[in-house]
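Taking it in order: structure first as structure tokens, then the write-up.
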Amino acid sequence: MTKSTTEATDIPEDKTFDVIILGSGLAGSVTGTILAKHGAKVLLVDAASHPRFAIGESMTPQLVEWIHILAERHDIPELKSLASVQQSTRDIAPTFGTKAHFGFLKHEEGKEPDPRQATQLALPKIFLQNSHMFRQDSDAFMFYVAAKYGCVPRQNWRATEVDFDDDGVTVMGQSAAPGAQPELYRAKYLVDASGFRSPLADKFDLREKPARFKHHSRSMFTHYVGVKRFDDVSGHPQSLRPPADWHTGTMHHLIERGWFWIIPFDNHKKSRNPLCSVGLTMDERTYPKPKDISPEEEFQLFLDKYPAVKRQFDGATRVREWVSTDRLQYSSKQTIGDRWCLMSHAAGFLDPLFSRGLSNTFEVVDALTSRLVDALKDGDFSAERFEYVERLEQGLLQYNDDLVNSSFISFSHFRLWNAVFRVWGSFITPGTMRLTRARLKHVRDGDPQHFKELEETRYPGLWWPQSNSFKKILDLTAETCEKYEAGVLTGDEAADVIFQALEESPIVNPVFGWKDESKRFIYPSTATMARYLYWASVEAPSEMNSVGREFLLGIVKAGAKIRKLL
């Protein structure tokens with residue numbers, strides 16, 4: 001800590017706050033809403049303004065649960081408007097798409113894709129449907145909610161200097177308005193939710209150079225109109241197509257060390273949004289970023305290599321400029337300090353594969369705000385108090401690195417990809433159930449201890465963080481894929497190792513078909529979910545039993561309340 005160059009007494013009361021948040025995307029706005037709900041005086045600033053373009057549109061079951069947990073824990077019903085396509089369409093705008101599945105199809109240069117080299121995980125229909133979140137509208141909605149709860153908003157206001165002392169933080173910045181003069185604001189705590197260009201990361205030289213991750217990728221992305229349904233242009237016979245139409249979910253076209261995403265917003269009858277999110281993410285070591293052609297030209301070159309993907313874009317029109325990045329991965333040596341936090345995407349980023357970004361963000365929001373509310377009561381803003389947030393943020397990135405790096409390696413060999421797909425997919429359900437269980441317990445008795453118990457884990461950041469068995473399978477998968485990459489194992493040998501581990505593991509759900517290599521499309525019906533819950537509660541090992549039994553008990557005891565919460 002250094003002594004501030006500007007004494008706190010020099011800053012007027014109307015510019016003094018409990019917390020200053022840099023960045024008003026979902027991370028900053030949701031954090032601000034929660035703190036304001038608990039009586040904190042919050043300044044929410046952003047160098048840009050809403051509404052604005054953002055990616056990270058594809059939801060996951062874990063994200064839906066974290067949304068519900070934050071809404072339940074802090075009594076903020078507006079958060080539920082983000083939880084499903086039905087609620088978003090009703091409460092925000094008819095601009096959100098539906099997310100019925102995660103779909104993956106392997107492609108090779110110059111060839112038509114083999115429909116037998118596809119995998120799909122359809123999301124159970126027993127609850128409301130996940131969405132393709134139209135971030136322009138979802139982020140603006142939550143920003144306005146934050147203001148409604150009492151956050152003081154400053155849009156088009158850029159922080160230029162941050163100064164900490166023993167009693168708080170002083171932030172200097174300036175509005176983009178003509179003739180605006182520099183301003184000073186004062187607070188007890190600073191949350192940096194600004195993303196890659198983090199003022200705190202620059203001030204304290206927190207970025208690891210290079211990023212510590214094994215995975216490498218760069219990306220290019222934009223929005224289109226007129227992208228064709230892949231179901232209409234694939235040329236695949238109906239008998240070889242997955243149960244859920246490709247157009248109803250997030251489509252991943254897998255290529256050698258890369259993938260296209262197709263995320264439509266027009267894929268249900270109530271949508272009035274013709275846009276489609278389009279992106280291409282690839283290993284920059286395999287595909288160095290060209291310096292002599294535009295992103296548009298580079299994207300077209302990729303389309304020319306993959307005829308089935310190209311057909312989707314026949315007649316389509318790009319509606320905004322491309323964003324083309326260098327290496328996406330960045331990491332920080334430290335994410336928590338005395339009186340400050342680098343939140344989520346300010347702390348680091350890996351890759352949009354598997355759509356974990358927003359789920360990670362909301363989990364960090366939960367961990368940070370629960371501690372910050374208490375810190376505002378007793379005045380202890382030391383880094384030690386927030387140590388779990390540090391471990392969580394670093395773990396979320398590290399375990400995702402293991403998974404995504406393994407996935408990029410496996411894209412070249414379908415059997416190996418099919419095995420990695422199962423390692424990811426088979427643990428989504430128990431990872432989500434533990435969250436639902438805690439929420440239902442809280443619905444029943446209102447005891448916040450149920451949420452605190454979610455943090456009593458061996459591996460913070462793992463999507464089933466209490467399971468030692470799962471951790472071993474993920475570690476084995478990462479090691480095996482790296483051996484394939486190094487040429488120590490063939491693709492089939494590597495696949496055999498992972499399939500054997502899944503087959504022999506008593507905690508891998510046998511009901512959905514995760515242990516059956518030939519079952520490439522996982523489509524759990526309501527009846528299948530019932531059989532799964534019986535297995536998890538009665539037949540599975542103890543670490544799964546504890547999740548399954550208490551999940552069912554929570555549903556029963558929550559009673560009528562559950563109908564409005566699930």
Side-chain angles (χ1 to χ4, degrees), residues 17-21 23-44 59 62-84 87-88 91-92 128 133 138-153 187-189 191 193 341 343-344 358-378 381 385-386 388-389 392-393 432 434-456 554 558 561-562 564-566:
F17 294 84
D18 293 315
V19 179
I20 295 175
I21 300 175
S24 64
L26 283 178
S29 292
V30 174
T31 299
T33 300
I34 293 169
L35 296 175
K37 171 71 177 185
H38 287 275
K41 187 179 178 184
V42 179
L43 177 67
L44 182 59
M59 295 184 72
Q62 292 100 324
L63 170 59
V64 172
E65 260 311 318
W66 281 115
I67 290 171
H68 280 298
I69 284 173
L70 291 173
E72 168 70 19
R73 187 172 191 174
H74 303 287
D75 189 23
I76 301 174
E78 292 88 348
L79 275 169
K80 297 178 186 177
S81 298
L82 302 176
S84 72
Q87 291 163 301
S88 296
D91 299 342
I92 303 175
L128 294 176
M133 196 181 282
S138 62
D139 293 28
F141 172 78
M142 280 310 306
F143 174 70
Y144 303 142
V145 168
K148 185 185 82 169
Y149 274 78
C151 291
V152 175
K188 301 171 184 174
Y189 196 89
V191 177
C341 170
M343 171 171 277
S344 194
L358 281 179
S359 175
N360 292 355
T361 293
F362 276 64
E363 186 169 358
V364 172
V365 168
D366 179 69
L368 177 66
T369 55
S370 62
R371 288 163 172 80
L372 196 45
V373 166
D374 289 340
L376 289 169
K377 295 175 183 176
D378 63 25
F381 299 97
R385 178 172 216 150
F386 298 87
Y388 173 80
V389 182
L392 174 63
E393 293 201 280
T432 305
R434 66 181 285 272
L435 303 179
T436 308
R437 174 186 63 180
R439 176 167 60 90
L440 296 182
K441 285 182 175 182
H442 188 269
V443 168
R444 190 167 74 240
D445 60 22
D447 186 350
Q449 182 62 29
H450 303 310
F451 297 128
K452 294 177 182 178
E453 289 171 356
L454 289 174
E455 298 179 356
E456 297 173 3
K561 293 181 181 179
I562 196 61
K564 65 178 181 179
L565 293 168
L566 282 180

Check whether any side-chain heavy atom of [X] lies under 4.5 Å from a side-chain heavy atom of [Y], and answer yes or no.
| X | Y | result |
| --- | --- | --- |
| Thr361 | Leu26 | no |
| Leu70 | Ile76 | no |
| Asp374 | Arg371 | no |
| Thr369 | His74 | yes |
| Tyr189 | Cys341 | yes |
| Trp66 | Val30 | no |
| Leu79 | Met142 | yes |

- salt bridge (charged side-chain N to carboxylate O under 4.0 Å, His left out): which pairs involve residues 23-34, sequence neighbours left out?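 Pairs touching residues 23-34 that pass the test: none.
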Supply the atom-to-atom distance [X] [atom1] to [Y] [atom2], rounded to the nearest 0.5 angstrom.
| X | Y | atom1 | atom2 | result |
| --- | --- | --- | --- | --- |
| Glu393 | Met343 | CD | CE | 7.0 Å |
| Glu65 | Arg437 | CD | CZ | 12.0 Å |
| Leu435 | His450 | CG | NE2 | 14.5 Å |
| Ser138 | Asp91 | OG | CG | 13.0 Å |
| Ser29 | Phe141 | OG | CZ | 11.0 Å |
| Glu363 | Leu368 | CD | CG | 12.5 Å |

At their closest point, which heavy atom of [X] faces which heavy atom of [Y], and how far apart are they?
| X | Y | answer |
| --- | --- | --- |
| Met133 | Leu82 | CE-O, 3.9 Å |
| Leu43 | Phe17 | N-CD2, 3.6 Å |
| Val365 | Ala27 | CG2-O, 4.1 Å |
| Asp75 | Tyr149 | O-OH, 4.3 Å |
| Leu44 | Ala146 | CD2-CB, 3.9 Å |
| Ala71 | Lys80 | CB-CG, 3.9 Å |

Between [X] and [Y] (side chain of the first, backbone of the second, donor and acceptor by atom type, cut-off under 3.5 Å), is there such a pair?
| X | Y | answer |
| --- | --- | --- |
| Asp18 | Val42 | no |
| Ser81 | Ser88 | no |
| Ser370 | Ala367 | yes |
| Arg434 | Leu454 | yes |

- Task: Verify side-chain contact (heavy atoms from CB on, under 4.5 Å) between Val19 and Leu376, making sure each step is shown before the conclusion.
- Result: CA-CA 9 Å; Val19 179; Leu376 289 169; 4.2 Å; yes
- From CA spacing to verdict: salt bridge (Lys or Arg N to Asp or Glu O under 4.0 Å), Glu78, Lys37: CA-CA 12 Å; Glu78 292 88 348; Lys37 171 71 177 185; over 6 Å; no
- Item | Criterion side-chain contact (heavy atoms from CB on, under 4.5 Å) on Asp366 and Ile69, from CA distance to verdict | CA-CA 8 Å; Asp366 179 69; Ile69 284 173; 4.1 Å; yes
